[in-house]
Participant: 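Starting off with a structure, shown below.
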Amino acid sequence: MEVIMLKHSFFTLSVFLLCMSGCVDGSDPVNQTPMLWKFQDDNATMECSHTKGSTYRQMYWYQQLPAQNMKQIVLTTTYSPHEYEQGFNKEKFPAQKKDAETGSLTLNKLQPEDSGVYFCAVSESQ
Ligand SMILES: *[C@@H]1O[C@H](CO)[C@@H](O)[C@H](O)[C@H]1NC(C)=O
């Protein structure tokens, strides 16, 4: 999971990304970027990788904002266009899925309201 927390200092606003491991099955096969420091208006890229095999070609990205339900941002695959959910778009949340084992999600132009928990999940394609 990616946790983005905001840290205010005198004149700057930082966005803190923290990863807690275990995105699927609560165990090791899926990993995400461990930790990043970002400033407001920066872009943040989160990487996700897994070792579940080449049939796991679907990667989902989710956002959980404070006191809100988890929302799916996008479904990415190696073989079809990304499918964005309502309220999310590729300009703000560009994603990459170049091979079965890896993928990334970028948040462009970070804002305080982007603060939340982000995580990925993978699934096998039919
Ligand atoms: C963030 O990404 C956008 C779109 O790709 C780019 O135009 C912009 O320069 C990037 N900003 C930073 C701070 O890297």
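Values below: every heavy atom of this structure, side chains too, minus hydrogens, waters and symmetry copies. This is a predicted model, so every value here is computed, not measured. Positions are given from 1 along the sequence. Numbering of ligands and ligand atoms starts at 1, following listing order.
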Participant: Any protein heavy atom sitting closer than 4.0 Å to atom 7 (O) of ligand 1?
Facilitator: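 No; the ligand atom in question lacks any protein heavy-atom contact below 4.0 Å.
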
Participant: Do S125 and R57 meet the criterion of a side-chain donor-acceptor pair at a distance under 3.5 Å?
Facilitator: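 On atom types as modelled, these side chains qualify, holding a pair under 3.5 Å.
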
Participant: Once rounded to the nearest 0.5 Å, what's the spacing between atom CD of E47 and atom OG of S104?
Facilitator: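 E47 CD to S104 OG: 5.0 Å, rounded to 0.5 Å.
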
Participant: Is a donor from one side chain sitting under 3.5 angstrom from an acceptor on the other, for Q58 and T77?
Facilitator: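 No pair is found: no donor N or O on one side chain lies under 3.5 Å from an acceptor on the other.
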
Participant: For ligand 1, which atoms, with element, lie under 4.0 Å from some heavy atom of N108?
Facilitator: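 Within the 4.0 Å cut-off of N108, ligand 1 contributes 1 (C), 2 (O), 4 (C).
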
Participant: Give the residue, atom name and distance (to 0.1 Å) of the protein heavy atom nearest atom 3 (C) of ligand 1.
Facilitator: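 Protein heavy atom with the smallest distance to atom 3 (C) of ligand 1: N43 ND2, 3.6 Å.
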
Participant: Is there at least one pair of N or O atoms, one from D42 and one from ligand 1, spaced under 3.5 Å apart?
Facilitator: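 N/O-N/O distance below 3.5 Å does not exist for this pair.
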
Participant: F93 versus L107: any side-chain heavy-atom pair under 4.5 Å?
Facilitator: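 Yes. Closest side-chain heavy atoms under 4.5 Å.
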
Participant: Closer than 4.0 Å and a protein heavy atom, does any atom meet both conditions relative to atom 11 (N) of ligand 1?
Facilitator: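 Yes.
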
Participant: Less than 3.5 Å apart, which donor and acceptor atoms pair up between the side chains of residues 62-69 and the rest of the protein, not counting sequence neighbours?
Facilitator:
from: Q63; atom 1: NE2; to: Y118; atom 2: OH; distance (Å): 2.8
from: Q64; atom 1: NE2; to: Q68; atom 2: O; distance (Å): 3.1
from: Q68; atom 1: OE1; to: K71; atom 2: NZ; distance (Å): 3.3

